[in-house]
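Numbering of ligands and ligand atoms starts at 1, following listing order. Note: hydrogens, waters and symmetry copies are ignored here, and every other heavy atom, side chains too, is used.
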Amino acid sequence: MDSIKIAVIGLGYVGLPLARLFSTKYKTVGFDMNQARVDALMSGHDATLEVADDLLQEAIGKHGFVCTTDLEKIRDCNFYVVAVPTPVDHNNHPDLRPLWGASETVGKVISRGDIVVYESTVYPGVTEEECLPVVERVSGLKFNVDFFAGYSPERINPGDREHTVEKIKKVTSGSTPEIADIVDEVYNSVLVNGTHKAPSIKVAEASKIIENSQRDVNIAFMNELAKIFNAMGIDTNDVIEAASSKWNFIKLKPGLVGGHCISVDPYYLIQKAQVYGVLPRVMSAARRLNDGMGAYVAEQTIKLMNKKGVLVKDAKILILGITFKENCPDVRNTKIVDIYHTLKEYTNNIVVYDPWANVDKVKHEYDIEIQNSELEALQGQFDAVILGVAHDTFKSLNIRDFLANQDGVVYDVKGVLARTQIDGRL
Ligand SMILES: NC(=O)c1ccc[n+]([C@@H]2O[C@H](COP(=O)([O-])OP(=O)(O)OC[C@H]3O[C@@H](n4cnc5c(N)ncnc54)[C@H](O)[C@@H]3O)[C@@H](O)[C@H]2O)c1
């Protein structure tokens with residue numbers, strides 16, 4: 001193990017924490033195609049906030065961790081870890097271009113005896129059918145003869161300060177039993193709670209995709225229940241609390257499903273299932289239902305405004321939060337944008353406030369101008385307020401202070417505000 005030298009390709013939410021962790025035990029180089037990202041990391045700051053600045057600076061200063069865009073700096077590595085994005089295209093089909101690109105990168109530098117481990121979330125078969133042929137073609141080496149492979153999915157949860165990378169039990173796998181042992185040993189050597197060695201790469205790939213798909217389906221069920229109970233005038237949160245008193249009830253809440261994982265990964269399995277002639281009806285329905293929840297929240301708010309006699313046309317509405325989840329700056333696939341666009345059909349007077357989000361990034365990604373400071377200045381102005389994201393800083397607010405008068409509407413998407421403060425919740 002002493003001879004292991006690791007290159008992590010793709011230094012985002014997944015790759016950077018992992019590379020930093022590996023650097024405490026092995027010589028580790030982080031490689032990314034984005035020069036600005038590499039420069040920021042080498043200056044000691046991670047904009048995703050997943051690695052604290054002091055830990056990053058310690059990795060660079062004490063453990064010799066280097067981030068680079070220079071291929072030559074990873075040529076002498078022998079254990080390559082690929083953690084690049086796996087998005088979907090406009091038709092919700094898997095977009096494998098980042099994986100192909102990273103595989104070309106590996107192909108240019110990999111040598112005989114080396115191992116490449118994929119971490120990106122994929123449908124079963126991508127590593128062996130889509131990625132390794134690219135490594136073979138570019139390197140001229142033969143898979144499982146000259147070089148070897150593994151797959152170890154990441155379970156990191158952005159913004160979660162409890163389940164940090166070293167504490168997460170990880171699934172590992174390898175292209176031969178011996179390689180599976182080596183891959184398992186490398187990960188085990190840096191993890192506190194160990195690993196689960198899967199019998200094959202495809203099993204490991206499938207395990208990750210069903211973790212996220214299961215969550216998507218379960219949340220879709222809660223969203224469906226929320227729609228039914230809202231129509232009946234029953235509080236869904238109360239129903240869930242009551243049902244949770246049974247020992248085997250799975251307690252989940254309704255909500256918006258956004259982000260880079262749960263709202264995207266099921267499409268990978270849905271698309272591949274169809275290639276095998278299986279129509280994944282439950283997963284497809286869950287995706288459709290969850291994707292419609294932003295519009296549903298906006299419509300519920302409009303209904304409440306109507307009921308209270310608040311003029312909807314040109315109403316002033318405040319949306320608190322735009323990130324896809326609480327206490328994290330990630331705005332990828334945030335469903336708050338759907339709330340915003342549905343409300344825009346009624347009024348242009350919408351203010352979006354989020355202290356975690358980057359103003360320029362939101363403008364660039366969604367063409368929405370948000371505010372992220374001086375929240376108090378917004379008090380006393382709005383006809384309706386929607387709490388969209390449960391950032392800790394929002395939970396202690398007296399939310400009705402933001403209304404122009406107390407006849408206004410407060411809608412709580414996350415079910416975290418006191419009942420006395422709100423007019424409706426999911
Ligand atoms: N974010 C999460 O919470 C999470 C959790 C578990 C698994 N995953 C999976 O991990 C993978 C990575 O996700 P992420 O959130 O870290 O993505 P990210 O967008 O945060 O980071 C990806 C990084 O890869 C770089 N990159 C893209 N193509 C590259 C290439 N060809 N060569 C070198 N660098 C390249 C980008 O510049 C970026 O810095 C995805 O498959 C995702 O589904 C993500």
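Side-chain contact of Asn248 with Lys246: a donor-acceptor pair under 3.5 Å is present, judged by distance alone.
Remark: Phe229 pairs with no residue by the ring-ring contact (aromatic ring centres under 6.0 Å, His included) rule, at least two apart or across chains.
In terms of protein heavy-atom proximity, atom 20 (O) of ligand 1 is nearest to Tyr13 N, 3.1 Å. Of the protein's non-hydrogen atoms, Val84 O, 3.4 Å is the one closest to atom 12 (C) of ligand 1. Distance from atom 9 (C) of ligand 1 to its nearest protein heavy atom, with residue and atom name: Thr121 OG1, 3.4 Å. Looking only at heavy atoms of the protein, atom 18 (P) of ligand 1 is closest to Arg332 NH1, 3.5 Å. Of all protein heavy atoms, the one closest to atom 41 (O) of ligand 1 is Thr86 OG1, 2.5 Å. Counting protein heavy atoms only, atom 24 (O) of ligand 1 is closest to Gly10 CA, 3.3 Å. The protein heavy atom nearest to atom 30 (C) of ligand 1 is Met33 SD, 3.4 Å. Nearest protein neighbour of atom 6 (C) of ligand 1, counting heavy atoms only, is Glu154 O, 3.2 Å.
Close approach of ligand 1 to Pro85 is summarised as follows: ligand atoms under 4.0 Å from at least one heavy atom of the residue are 19 (O), 22 (C), 24 (O), 27 (C), 40 (C). Within ligand 1, counting atoms from 1 as listed, the ones closer than 4.0 Å to a heavy atom of Asn34 are 37 (O). For ligand 1, the atoms lying closer than 4.0 Å to a non-hydrogen atom of Ser120 are 11 (C), 41 (O). Those atoms of ligand 1 with a heavy atom of Ala102 less than 4.0 angstrom away are 31 (N). Per-residue contacts place Cys261 under 4.0 angstrom from the following atoms of ligand 1 (heavy atoms of the residue considered): 2 (C), 3 (O), 4 (C), 5 (C), 8 (N), 44 (C).
The shell of residues lying under 4.0 angstrom from ligand 1, judged by heavy atoms, includes Lys208. Judged by the shortest distance from any of its heavy atoms, Asp32 lies inside the 4.0 Å radius around the atoms of ligand 1.
The shortest N/O to N/O separation between Arg155 and ligand 1 does not fall below 3.5 Å.
Salt bridge present: Asp46 and Arg37 bring a charged side-chain N and a carboxylate O closer than 4.0 Å. The pair Arg419-Asp238 meets the salt-bridge criterion, with a side-chain N (NZ, NE, NH1 or NH2) lying under 4.0 Å from an Asp/Glu carboxylate O. We find that Lys395 and Asp392 are joined by a salt bridge, their nearest charged nitrogen and carboxylate oxygen being less than 4.0 Å apart.
Checked by atom type and distance alone, the side chain of Glu154 pairs as donor or acceptor with a backbone atom of Ile156 at under 3.5 Å. Here the side chain of Asn92 pairs no donor or acceptor atom with the backbone of Tyr267 at under 3.5 angstrom.
Residue pairs meeting the salt bridge (Lys or Arg N to Asp or Glu O under 4.0 Å) criterion with at least one partner in residues 157-168, sequence neighbours excluded, are Glu50-Arg161.
Checked against a 6.0 Å centroid threshold, the rings of Tyr118 and Tyr80 do not count as neighbours.
Residue Ile9 touches ligand 1 through its side chain alone, judged by heavy-atom distances below 4.0 Å.
From Ile368, atom CD1 reaches atom CD1 of Ile350 across 8.5 Å, with rounding to the nearest 0.5 Å.
Counting only heavy atoms from C-beta outward, the side chains of Lys170 and Lys197 never approach each other to under 4.5 Å.
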